[in-house]
Amino acid sequence: SYVIDNQATVTPYLTQMQDSNIGQTIVDMSAFPNRYYTTTNGVNASNWLKTKWQQMSAARSDILVEQFTHTGWAQKSVILTIQGTDNASEVVVLGGHLDSINLNDRSEAAKAPGADDDASGIASLTEVIRVMLANNYKPRRTLKFIGYSAEEVGLKGSAEIAAKFKADNVNVVGVMQLDMTNYKGSAKDIYLYTDYTNAAQNSFVANLISTYLPSLTVGNDVCGYACSDHASWTAQGYPASMPFESLINQDNPYIHTANDTYANSGSQALGALKFARMAMAYAVELGSDGA
Ligand SMILES: N[C@H](Cc1ccc(I)cc1)C(=O)NO
Ligand SMILES: [Zn+2]
Ligand SMILES: [Zn+2]
């Protein structure tokens, strides 16, 4: 249910979240020459994320980090699962994509740092995981953090994963997509996209922001097409939301080029921290619900 009743847990977690950690993850992840879904660098970036999440969660026997092998390309998606305690059959998904693209060069040596698109989203999710683990948080529902492969070439990774979840009858009660969280292109802080998403969950996310992050301003917009991995989940009938950094006509001009760098996001991660905190509130409020 969309009742907000975990302030005692969420509020202290939010204060522990740090932009410096998010910034470091963006720097580390955008150091790969590219993360394109068919290159060696792309495969290495996936393995790097798996190892990072595995090392973070090594002490927790209720946490599994695995890679999802896709059909027809080498770069795997990465899934970190925190098994729920007494309502584990209900699943909450938070995702971002780990691949990147340079539209002018798809070769092995292409420069596609993808700092904002979408190292920022992965870094935001990683800070959520870090603070949850630092506090030994144990959700009642199962939480799945997913770094999708091959988003840039038609949401291929999330399409396969969402279809598999549906085929396996997984009861996903909510999905949040973080794709581009660190470039402030518009006046407001967070824009909830209303197409290819779920209206009721979007209202819940807006309520989470006004409850936990009252200084942040919220807007709405539409993509007009299936603009990120949330659309793969919506296509399978699951409720998804896509909080985004800007209005569609003011999106980061550097994406999909060699210039999507941390420096061109202002060499800061205060923007991504806002999204990380929103994601934390979403994950704990939904994750803490019993059957
Ligand atoms: N198409 C998306 C970028 C993108 C997503 C939403 C909006 I609004 C504008 C641009 C993409 O490249 N995701 O990786
Ligand atoms: Zn993206
Ligand atoms: Zn992109």
Side-chain angles (χ1 to χ4, degrees), residues 22 25-26 29-30 32 34-39 42 45-46 49 73 75 77-78 94-106 110-126 145-159 161-162 175-197 202 205 218-235 240-262 264-265 271-272 275-276 279:
I22 299 171
T25 301
I26 294 171
M29 196 168 176
S30 56
F32 289 93
N34 67 78
R35 302 190 302 274
Y36 192 57
Y37 81 119
T38 59
T39 66
S46 173
L49 184 63
W73 71 92
Q75 186 187 60
S77 296
V78 179
L94 294 96
H97 66 87
L98 57 77
D99 66 314
S100 73
I101 193 168
N102 178 331
L103 292 172
N104 298 321
D105 182 358
R106 301 180 190 224
K111 285 274 181 284
D116 191 37
D117 189 12
D118 184 31
S120 68
I122 297 297
S124 297
L125 295 177
T126 301
F145 294 86
I146 307 180
Y148 305 108
S149 164
E151 185 276 346
E152 299 286 10
V153 288
L155 320 182
K156 287 180 184 294
S158 59
I161 291 170
V175 182
M176 175 173 277
Q177 173 73 353
L178 295 185
D179 185 358
M180 298 164 62
T181 68
N182 199 36
Y183 182 88
K184 192 162 183 349
S186 301
K188 296 178 190 291
D189 297 300
I190 297 176
Y191 291 84
L192 300 176
Y193 274 67
T194 57
D195 55 344
Y196 300 88
T197 59
N202 291 342
V205 174
V218 179
N220 296 114
D221 205 347
V222 292
C223 275
Y225 68 105
C227 60
S228 195
D229 297 302
H230 58 290
S232 294
W233 294 97
T234 299
S241 292
M242 214 284 267
F244 190 74
E245 66 190 13
S246 74
L247 290 168
I248 187 163
N249 61 2
Q250 295 181 314
D251 71 312
N252 184 340
Y254 298 107
I255 64 167
H256 307 161
T257 75
N259 302 315
D260 181 4
T261 58
Y262 189 56
N264 282 335
S265 296
F275 285 79

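Values in this document were obtained by computation on a predicted structure and should not be read as measured data. Both counts, for ligands and for their atoms, begin at 1 and track the order of listing.
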(request) Answer yes or no as to whether an N/O/S atom of E151 is found below 2.8 Å from the Zn ion (ligand 3). (result) no
(message) Nearest 10°: the angle subtended at the Zn ion (ligand 2) by H97 NE2 and D117 OD1?
(response) 90°
(request) Using a strict 4.0 Å cut-off to heavy atoms of I248, name the atoms of ligand 1 that fall inside it. (result) 8 (I)
(message) Between D179 and H97, is there a side-chain donor-acceptor contact under 3.5 Å, judged purely by atom types and distance?
(response) yes
(request) Name whichever N, O or S atom of H256 ends up nearest to the Zn ion (ligand 3). (result) NE2
(message) Under 4.0 Å, heavy-atom basis, I'd like to know which part of C227 is in contact with ligand 1: side chain, backbone, both or neither.
(response) both
(request) Measure D179 to ligand 1 on non-hydrogen atoms and call it side chain, backbone, both or neither using the 4.0 Å cut-off. (result) side chain
(message) Can you name the atoms of ligand 1, numbered from 1 with element, that are less than 4.0 Å from a heavy atom of Y225?
(response) 1 (N), 2 (C)
(request) Give me the one residue out of T181, T197, L178 that meets side chain to side chain contact (heavy atoms under 4.5 Å, CB included) with P243. (result) L178
(message) Nearest non-hydrogen contact with atom 9 (C) of ligand 1 belongs to which option: D251, D195, V153?
(response) D251
(message) Under 4.0 Å from a heavy atom of E152: which atoms of ligand 1 are those, numbered in the order shown and with their elements?
(response) 11 (C), 12 (O), 13 (N), 14 (O)
(message) Heavy-atom pairs closer than 4.0 Å: do any link ligand 1 to the side chain of D117, the backbone, both, or neither?
(response) side chain
(request) For the residue pair D229 and S158, confirm or rule out a side-chain donor-acceptor distance under 3.5 Å. (result) yes
(message) Please list, in number order, the atoms of ligand 1 under 4.0 Å from a heavy atom of C223.
(response) 6 (C), 8 (I)
(message) Contact between V153 and R106 at the side-chain level, heavy atoms closer than 4.5 Å - yes or no?
(response) yes
(message) Out of all atoms in ligand 1, which are within 4.0 Å of some heavy atom of M180? Include the element for each.
(response) 3 (C)
(request) Identify, by atom number and element, the atoms of ligand 1 in contact range of Y193, meaning under 4.0 Å from any of its heavy atoms. (result) 8 (I)
(request) Look at the rings of Y148 and W233 and say which category their plane angle falls in: under 30° parallel, 30 to 60° tilted, over 60° perpendicular. (result) tilted
(request) Taking E245 for its side chain and Y183 for its backbone only, find out whether a donor-acceptor pair lies under 3.5 Å. (result) yes
